Structures are given as structure tokens and as C-alpha cells.
J.: 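Submitted below is the structure of interest, expressed as C-alpha cells.
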Amino acid sequence: MPASINSLQKMAIYMGVVSGGGCAMMYYLMQKNFARSEYYHRALEQLRDHHTAMESLGAPPLQVHNVRLTDRHNRVDKTTAKIKIPVSGSKSAGYLYIYSIRDTIMNRWCLQEVVLQLRDGQRIEVYDPSVEDDEVKQECFGQSAMATS
């Protein structure tokens, strides 16, 4: 006995709702995963501590928007993370570009570069590892970093 058109329509609607809900849930979970990551938190902490960058944005309040998952700048693997985070304040908006590497021995992420690129083209170096203190270098890379510097 063939299925009626009505039951096929109901099944198509049901499958569409289930598929859409599944995609929305995956998107939400991936955003949440980014927001929990160590490299994400450290970069935002650097931004919040950088007076010039915060002033240029017109923050506080600093608004951090969802990462575009399809953006080619967003790449994370086991040892490196390159992320482009949309941020805005009351004066301006832009992107916070993060580059971080993973220290596999200490099992932690160490920032290499954090740059705020504003819409007007202004580029602000938020974090420069060459000026970080020896304590941070030792924390990220152990004694071997201390011996080479």
C-alpha cells in the first residue's frame, strides 16, 4: 500500500525540523567550544588589559560576537589556533586576530600574536610576545625557553 501524499508531507516537514534543529545545536555547541578555549580567554584578557585598544573600541562595554565558523581565518588543530573574533564597543568595531600555539609538554596554549583590526583600518598590536616577561615565557615553554633567550 503506497504512502499518502499527506503522510509524506508530514514526514518531510518532520525531517526538516529535526535536521534544522540538529544543525542549530551543532552551531551552538561549536560556538560554546570556542568560547571555553584557553587561547580565546587569554586573547580577550589581553584585549581587556590593553587601554588603547579598549579606548579605540569605546569599551567598556566590550561586546564579543560569535566566531564565523565558515571564515577561512579560523583554523584550529592540535598544535596551533588562528581565530578571528568579531568585537565591538560604543565607538567602533573590528576583529581580534589571535595566533596561539600549544605547548604539548605543559599541555597549555601560549599566545603568539593578538592584533585588533578596526573597521577604519587602524591596527593595534594588543599582545607582543617579544616584550613578555621571563615568568610568562617559563610558564608557557618551561626552562628551555629561558635558556635560549
Side-chain angles (χ1 to χ4, degrees), residues 10-149:
K10 286 180 184 177
M11 188 184 309
I13 290 170
Y14 175 76
M15 293 304 289
V17 169
V18 169
S19 297
C23 289
M25 178 62 85
M26 287 299 293
Y27 179 83
Y28 169 77
L29 291 174
M30 290 175 83
Q31 289 293 339
K32 196 173 179 180
N33 194 30
F34 270 121
R36 280 194 213 152
S37 65
E38 183 180 4
Y39 50 83
Y40 185 95
H41 279 286
R42 285 181 179 225
L44 288 176
E45 186 177 297
Q46 291 293 324
L47 177 61
R48 286 186 180 103
D49 291 343
H50 196 280
H51 179 70
T52 307
M54 292 294 281
E55 190 175 291
S56 296
L57 285 168
L62 177 67
Q63 294 179 332
V64 181
H65 307 282
N66 285 339
V67 174
R68 286 190 54 206
L69 299 177
T70 58
D71 192 324
R72 65 180 177 84
H73 289 93
N74 298 323
R75 303 249 186 245
V76 179
D77 60 30
K78 291 181 180 185
T79 57
T80 61
K82 291 183 179 183
I83 305 294
K84 178 180 164 184
I85 303 173
V87 294
S88 64
S90 60
K91 282 189 203 173
S92 185
Y95 292 100
L96 188 66
Y97 290 89
I98 303 166
Y99 174 57
S100 187
I101 60 172
R102 185 174 189 85
D103 178 11
T104 53
I105 296 169
M106 300 295 288
N107 196 28
R108 62 182 310 160
W109 289 94
C110 298
L111 290 174
Q112 297 300 299
E113 183 179 34
V114 179
V115 176
L116 176 64
Q117 180 77 41
L118 297 174
R119 284 188 185 155
D120 65 4
Q122 184 182 4
R123 180 182 161 96
I124 301 170
E125 295 281 335
V126 174
Y127 175 78
D128 183 5
S130 64
V131 295
E132 76 182 3
D133 60 9
D134 288 338
E135 182 180 314
V136 174
K137 283 183 183 176
Q138 185 174 2
E139 182 180 298
C140 277
F141 298 106
Q143 294 296 331
S144 62
M146 296 296 292
T148 60
S149 20

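Worth saying up front: this structure is predicted, and the values here are computed from it rather than measured.
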J.: A side-chain contact here means heavy atoms from C-beta on lying under 4.5 Å apart; do Gln63 and Leu57 qualify?
T.: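 No, every pair of side-chain atoms sits at 4.5 Å or beyond.
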J.: Mind jotting down which residue pairs meet the ring pair (Phe, Tyr, Trp, His ring centres under 6.0 Å) criterion with at least one end in residues 24-44? Sequence neighbours excluded, please.
T.: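 Non-adjacent pairs meeting ring pair (Phe, Tyr, Trp, His ring centres under 6.0 Å): Tyr39-Trp109.
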J.: Can you tell me how far apart NZ (Lys84) and CG (Asn74) are? Round to the nearest 0.5 Å.
T.: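 The CG atom of Asn74 is 7.5 Å from NZ of Lys84, to the nearest 0.5 Å.
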J.: Quick check: do Glu113 and Val115 have side-chain heavy atoms less than 4.5 Å from each other?
T.: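 Yes, side chains in contact.
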J.: Could you give the distance from CG (Leu44) to CG (Leu96), rounded to the nearest 0.5 Å?
T.: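 Nearest 0.5 Å value for the CG-CG distance: 6.0 Å.
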J.: Please list all pairs meeting side chain to side chain donor-acceptor pair (under 3.5 Å) that have one or both residues in residues 114-124, counting only residues at least two apart or in different chains.
T.: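 Output for this query lists Arg123-Glu125.
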J.: Who passes ring-ring contact (aromatic ring centres under 6.0 Å, His included) against His65, sequence neighbours left out?
T.: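 Scan of His65 (ring-ring contact (aromatic ring centres under 6.0 Å, His included), adjacent residues dropped) gives none.
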J.: At their closest point, which heavy atom of Ala93 faces which heavy atom of Ser88, and how far apart are they?
T.: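 Here Ala93 and Ser88 meet closest at CB-CB, 3.6 Å.
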J.: Got a sec: does the CD1 of Ile105 have more than 12 other heavy atoms crowding it under 6.0 Å?
T.: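 12 or below, so no.
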J.: Looking at Tyr97 and His73, what are the two nearest heavy atoms and their distance?
T.: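 Residues Tyr97 and His73, closest heavy atoms: CE2-CD2, 4.0 Å.
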J.: What's the verdict on side chain to side chain donor-acceptor pair (under 3.5 Å) for His51 and Glu55, showing C-alpha distance, side-chain angles and the deciding distance?
T.: CA-CA 6 Å; His51 179 70; Glu55 190 175 291; 3.1 Å; yes
J.: Just do the side chain to side chain contact (heavy atoms under 4.5 Å, CB included) check on Leu69 and Gln31 with the steps written out, would you?
T.: CA-CA 8 Å; Leu69 299 177; Gln31 289 293 339; 3.8 Å; yes
J.: Give me the one residue out of Gln46, Met54, Arg48 that meets side-chain contact (heavy atoms from CB on, under 4.5 Å) with Val126.
T.: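 Exactly one candidate clears the test, Gln46.
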J.: Any non-hydrogen side-chain atom of Leu111 less than 4.5 Å from a side-chain atom of Ile98?
T.: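 In contact.
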J.: Say whether, by atom type as modelled, one donor and one acceptor occur between the side chain of Ser100 and the main chain of Cys110 under 3.5 angstrom.
T.: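 At least one qualifying donor-acceptor pair exists.
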J.: Take atom NZ in Lys82; do more than 12 heavy atoms of anything else shown fall under 6.0 Å from it?
T.: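 No, NZ of Lys82 has 12 or fewer neighbouring heavy atoms, counting only those of other groups under 6.0 Å.
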J.: Check Val76 against Ile83 and note the closest heavy-atom contact, atom names and distance.
T.: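 Smallest interatomic distance, heavy atoms only, reads CG2-CD1, 3.4 Å.
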J.: Rounded to the nearest 0.5 Å, what's the gap from CD1 on Ile101 to CG on Asp77? Could you check?
T.: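 It comes to 11.5 Å.
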J.: Under a 4.5 Å cut-off applied to non-hydrogen side-chain atoms, are Leu47 and Val64 in contact?
T.: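 A side-chain contact is absent here, since even the closest heavy-atom pair is not under 4.5 Å.
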J.: Can you see which heavy atom on Ala43 is nearest to which on Val114, and at what distance?
T.: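 Where Ala43 meets Val114 most closely, the heavy atoms are CB-CG2, 4.1 Å.
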